[in-house]
Number of protein chains: 2
Amino acid sequence: MAVGIKISLNEKLFLRDPQETALGKKIIKHSIILIDKIGFEAFNFKKLARLINSTEASVYRYFENKHMILLYLLSWYWEWVSFSIDLNTMNIEDPKKRLNIIIRTLVSASKENPSIDYVNESILHRIVIAEGSKAYHTKEVDEENTVGLFTNYKKLCEKVACVISEIKADFPYPHTLASNLFEMANNHIYFAQHLPRLTDVHVTEGNFKEVEKMLQYFAFTLLEKS
Amino acid sequence: MAVGIKISLNEKLFLRDPQETALGKKIIKHSIILIDKIGFEAFNFKKLARLINSTEASVYRYFENKHMILLYLLSWYWEWVSFSIDLNTMNIEDPKKRLNIIIRTLVSASKENPSIDYVNESILHRIVIAEGSKAYHTKEVDEENTVGLFTNYKKLCEKVACVISEIKADFPYPHTLASNLFEMANNHIYFAQHLPRLTDVHVTEGNFKEVEKMLQYFAFTLLEKS
DNA sequence: TTTCAATAATAGTAATACTATCATAAATAG
DNA sequence: CTATTTATGATAGTATTACTATTATTGAAA
């Protein structure tokens, strides 16, 4: 994947664009590392500032608060997945093959060639899995949705829903299945690692093949056999 | 449903059993109301104490922290759903009919007769939908799982997984489907209300029929047509 | 060389998440 | 029917969090 792509994100996510300055990039890079390490609840701007030898006040010039950093990172991730899907399904006509590739990309996009030096996609993927649902489970969800802070995720679901409808035009739940594939991909990796009685799949150190297989089974059983 | 049932929960969830005292019951009752009203992030023991005319220190005698109250409420809810399922599927032999009833119970257990005066199941259901996933998306998930703080949910999934296996013994993902039905039930009510582009179902003021229908479609397509 | 924008350094405030101590009221045991 | 235990209330205090404000410094652009 080309080095130097710039992921474009809603400007309401930040106060100053972190992709434009050295400090901004350091904030992104180390917030990924720190959130992964200590969890989103324990993460704060003081600890982040200490880590990058800057100050709390400086971080606050880029992001309103830590919730906005989380939204930023998740938007970045989904935009990047979307880009990977486009790349991997380019020139592929058969919508079934495209869905197959989408599922594979969903589960293991983070193991492809990294695209940007200050974003470790593999660690970011862990954040998406462990903290992703906190993005929209807040009292501010409606206002944030109105100003477009979840647009990336919704567009990605729309893209997948279109492929689903191509496979089976009369399938009654294309968006439901699309978002569910995303949610299941994350949930069952997490369950396999932490609450194994909630799943049947197993994962080991970055090997998510069983998750991929399970998602293929669910998606294609629903689309082919009904 | 009988008034006076006592839901039995893991003793590690609390410091003093809130079901045994008047203050304890007030804590449960009003934490449900307050979390629903202001959201889990803004909820704290000072506000709760003010609401029930008690003190922060008194609330801390019942629960270690607000995370434990959340785990308590969720465990209570899942235990109560489990009880409702048992009640509603009693004497029903056909596992397909049982799964049908399970799905209906899942989606609208909270609209049955209330069982306990200090728990408003309908409000509690909203908390489960909006805050449920925060229970296990923490850095402490493994230790908490080890001491049994998620047992209720896991047992409930096991129960549903068994019914799934009865319907189709060679279905390869009974636990996956079971937990996914729970997650989807909550997610798609939430999506319909806040992020409608992530779903195809519609809900209005406590009418979750479309969600139920969608879950039936997913479950039975996977189990019958594959 | 000035000047301007970004960052650092420092300080400060209100709220949060607790812990500790002591007084008092209500239940209960002897 | 006291004596004692137990639960709760009242109050205070600490460390951390989540910010905001002010001023100084530095490094790049005009």
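Remember, it's a predicted structure, so these values are computed and weren't measured experimentally. Within every chain, numbering begins at 1; the chains are lettered A, B, ... in the order of the sequence lines, protein sequences first and strands thereafter.
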Taking only N and O in the side chain of [X], is any of them less than 4.0 Å away from OP1 or OP2 of [N]?
X	N	value
B:S58	D:dG9	yes
A:R61	C:dT7	no
B:N65	C:dA17	no
B:Y62	D:dA7	no
B:K47	C:dT16	yes
B:S54	D:dG9	yes

Verify the ring-centre separation between B:Y190 and A:H137: is it less than 6.0 angstrom? yes
Could you tell me how far apart [X] ([atom1]) and [N] ([atom2]) are, to the nearest whole angstrom?
X	N	atom1	atom2	result
A:L15	C:dA5	CG	P	18 Å
A:K66	C:dT16	NZ	C1'	12 Å
B:E20	D:dT8	CD	P	11 Å
B:I27	D:dT8	CD1	C1'	11 Å
B:Q19	D:dA7	CD	P	17 Å
B:H67	C:dT16	NE2	C1'	17 Å
A:F45	D:dT20	CZ	C1'	14 Å
A:N53	C:dA8	CG	P	9 Å

A:Y62/A:T21 under side-chain hydrogen bond (donor to acceptor under 3.5 Å, both in side chains): CA gap, chis, key distance, verdict: CA-CA 10 Å; A:Y62 284 84; A:T21 67; 2.6 Å; yes
How are the rings of [X] and [Y] set relative to one another: parallel (under 30°), tilted (30 to 60°) or perpendicular (over 60°)?
X	Y	result
B:H188	B:F191	perpendicular
B:F43	B:F45	perpendicular
A:F218	B:Y173	tilted
A:F182	A:Y153	perpendicular

Among [options], find the nucleotide with the atom closest to the side chain of [X].
X	options	result
A:R16	C:dA6, C:dA17, C:dT10	C:dA6
B:A57	D:dT11, C:dA17, C:dT7	D:dT11
B:E56	C:dA17, D:dA10, C:dA9	C:dA17
B:T55	D:dT11, C:dT7, C:dA17	D:dT11
A:L23	D:dG9, D:dA18, C:dT7	C:dT7

Give A:K26 one of three labels, base, sugar-phosphate or nothing, depending on what nucleic acid heavy atoms sit under 4.0 Å from its own.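 No contact at all - A:K26 keeps every heavy atom at 4.0 Å or more from the nucleic acid.
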Heavy atoms only, 4.0 Å cut-off, all strands: where does A:Y60 land among base, sugar-phosphate and nothing?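 Since a base atom lies under 4.0 Å of A:Y60, the category is base.
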